[in-house]
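Each remark here refers to the structure printed beneath this line.
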Amino acid sequence: MKVKIEKKSILDVNADVIVVNLFEGVNTPGGVTGIVDKAFNGIISDFVIQKEKFNGKYGEIYQLPLIESGKKIFVTGLGKQSDFTYTKIRDLTAKVVRSCSLSKNIKKVVSILHGAGIAGLCPFSCAKMIAQGAISGTYVFDKYKTEKQENPIEEFIIAEINDEKFEKAKKGLEEGLIIAESVNNARDLINESSQYLYPETLADYAVKNSGVKTTVYNKEQIQEMGMRAFLAVGQGSVHEPKLIHMEYKSENAKKKIAIVGKGITFDAGGLDLKPPSSMLTMRDDMSGAAAVICTMQAISKLKPDIEVHAIVAACENMPSGSAYKPGDVITAKTGRTIEIDNTDAEGRVTLADALAYAEELGVDEIIDIATLTGACVVALGTVASGIMGNNDNKIKEFIEIAQKAGERYWQMPMYEEYGDSLKSDIADTKNTGGRYGGTSAAGIFLSKFVSKADWLHLDIAGTAFLDKPNSEGIKNATGIGIRSLIEYIIQ
Ligand code: BES
Ligand code: MG
Ligand code: ZN
């Protein structure tokens, strides 16, 4: 499906579906919806609103067939104007595209630039959200289905006749499409079975598709770098661990930042084996890695004035005769010793070395993203991701940028006492301790491996992989994190 924008009246685009909108409680449609209403003799105000009682409730779509032409008008509900957000523009567009793709006869869809009319939102951001919603709306993972789901829609067109709005929206659309493609690529990577996606194939993907200079280190090289904590986690697997380092450098870079993604291609729990129901979806344990790889794809196209390093310590956490064991003491790259209390708390052990590697690059700022703790799923559910770090202002800034990008983060506390359970009798720290406050304890553990850089930690355990569709209609891999990381980096 091609997504584009045309400087035309919505009535002058020849399409099978015309998408207009309505805020809740509006009886006389204004703006472009009003123009369409008048052109069709008041069919929206008299029939859809008065007779059918469609009142613009958020997310509802009234599908109005036009008898003469066989075309349809979709009147979409935007909800209350005071509650309107950019995220709603994206989610509604995804919903429209999904419902259009169910009908074989819909090849061309034309849409109003939601949000840029009466709501007065920035046309650039509105178009950016529409582009992302439209592309998300086409997402399916049907690689392993013999019968593929055809998407009949060939074109999705935004119509905007105003010169200024058109120019802004055109730019927003371009950026939106770049971001959307990265998000869908990450979804493909995460949804892929771990029988095909293991450290080597993940590294190959990064080399071929990250769009930036990518170096892959093998086991011997990782050993030479002293990353013993990372190696310990991977030592029970038949697949060799790989350290992936991607670099993007602008000539005018004033800031140097690293993004680090947890890259456990399958988390069986190790010798502290997970029960079946918890293990089932653990191919998603590289969602952080997918996020940083696919963020780099977008960065390579958006070309911001910054230096970005993306790091993935990729391995598999398996039980076997060679696996690391509870009670083992490992010396991490920084020299800190870790007593393994539970082999299933493996993400933080690999991240300890990945963070240390990032810090050695001399970056000003490090952001790690990880499906790290089940405790985060308990605390925040699938609705928001956790965020922690060593700089409160940066945490606040990230939350705000993410919100506008359509992702939610909620700050979790890092009180010292959360680290009490990590005290070890024989080493500098244990990798886990008590049952309670697990997300914060993991945050405290990670903080010990960053000394100078500003550091943010994103726990996406609850938001990376869903068993029910989210507000965007996405089930299984969501591609969470990419939109926020990109926006935060390009600011
Ligand atoms: N990958 C899991 C965390 C996870 C849980 C991700 C649910 C996605 C959904 C992580 O490696 C893990 O196993 N964490 C343990 C830590 C515990 C042993 C301290 C957990 O949260 O149960
Ligand atoms: Mg685990
Ligand atoms: Zn894990």
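Quantities reported herein were computed from a predicted structural model and do not represent experimental measurements. We count ligands from 1, going down the list as the structure has it; atoms in each ligand are counted the same way.
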**Report entry** Distance-only donor-acceptor check, side chains S471 and D91, under 3.5 Å
**Finding:** yes

Report summary line: min-distance N/O/S atom, E346 vs the Mg ion (ligand 2), resolves to OE1

Query - Of E224, E359, E360, the residue whose pairing with K333 passes salt bridge (Lys or Arg N to Asp or Glu O under 4.0 Å) - result: E360

Query raised in the report: Does any N or O atom in T373 lie less than 3.5 angstrom from one in ligand 1, N or O only?
Result: no

Report task. Would you check if V19 and T76 make a side-chain contact, meaning some heavy-atom pair closer than 4.5 Å? Result -> yes

Requested in this report: Measure across G335 and D428 and return the closest heavy-atom pair with its distance rounded to 0.1 Å.
Outcome: O-OD2, 4.2 Å

Query - I264 and ligand 1 - part of the residue with a heavy-atom distance under 4.0 Å - result: neither

**Report entry** D267 atom (N/O/S) at minimal separation from the Zn ion (ligand 3)
**Finding:** OD2

Report task. Number the atoms of ligand 1 from 1 as they appear, then name those within less than 4.0 Å of a heavy atom of M282, with their elements. Result -> 1 (N), 4 (C), 5 (C), 6 (C), 7 (C), 8 (C), 9 (C)

Requested in this report: Determine, considering heavy atoms only, which of G374, G434, S278 sits nearest to atom 20 (C) of ligand 1.
Outcome: G374

Query raised in the report: Should K219 and E240 count as an ion pair when the cut-off is N to O under 4.0 Å?
Result: no

Query raised in the report: Can an N or O of D267 be found at a distance shorter than 3.5 Å from an N or O of ligand 1?
Result: yes

Query raised in the report: Of all the N, O or S atoms in D285, which one sits nearest to the Zn ion (ligand 3)?
Result: OD2

Query raised in the report: Is K213 close enough and on-axis enough to Y248, meaning under 6.0 Å and within 45°, for cation-pi?
Result: no

Requested in this report: For the pair K255 and E365, find out whether any cationic side-chain nitrogen is under 4.0 Å from an anionic carboxylate oxygen.
Outcome: yes

**Report entry** Any F445 side-chain heavy atom under 4.5 Å of I338 side chain
**Finding:** yes

Query raised in the report: Counting each atom of ligand 1 from 1 as listed, which ones have a heavy atom of E346 under 4.0 Å away?
Result: 11 (O)

Report summary line: With heavy atoms and a 4.0 Å threshold, my read on which part of D344 contacts ligand 1 is both

Requested in this report: Considering heavy atoms of the protein only, find what lies nearest to atom 10 (C) of ligand 1 and give residue, atom and distance to 0.1 Å.
Outcome: L372 O, 3.3 Å

Requested in this report: Assess R187 against Y139: is NZ or CZ under 6.0 Å from the centre of the six-membered ring, and within 45 degrees of the ring's axis?
Outcome: yes

Requested in this report: Determine which of the N, O or S atoms in D267 is closest to the Mg ion (ligand 2) and give its atom name.
Outcome: OD2

Query raised in the report: Do S447 and W455 touch side chain to side chain, with heavy atoms closer than 4.5 Å?
Result: yes

Requested in this report: Of the side chain and backbone of M279, name the one, both, or neither that has a heavy atom under 4.0 Å from an atom of ligand 1.
Outcome: neither

Requested in this report: Check ligand 1 against A461 and write out every atom of the ligand that is under 4.0 Å from a heavy-atom position of the residue.
Outcome: 6 (C), 8 (C), 9 (C)

Query raised in the report: Can you give me the OE2-the Zn ion (ligand 3)-NZ angle for E346 and K262, to 10°?
Result: 90°

**Report entry** F266 ring center near H239 ring center (under 6.0 Å)
**Finding:** no

Requested in this report: Could you tell me whether any N, O or S atom belonging to D285 is less than 2.8 Å from the Mg ion (ligand 2)?
Outcome: no

Query raised in the report: Looking only at N/O atoms, are K262 and ligand 1 under 3.5 Å apart anywhere?
Result: yes

Requested in this report: Indicate the ring-plane relationship of Y196 and Y144, choosing parallel, tilted or perpendicular according to the 30° and 60° boundaries.
Outcome: parallel

Query raised in the report: Which of the numbered atoms in ligand 1 are below 4.0 angstrom from a heavy atom of N342?
Result: 18 (C)

Query raised in the report: T432 to ligand 1: N or O pair under 3.5 Å?
Result: no

Query - Protein heavy-atom partner closest to atom 17 (C) of ligand 1 - residue, atom, separation in Å - result: A345 CB, 4.4 Å

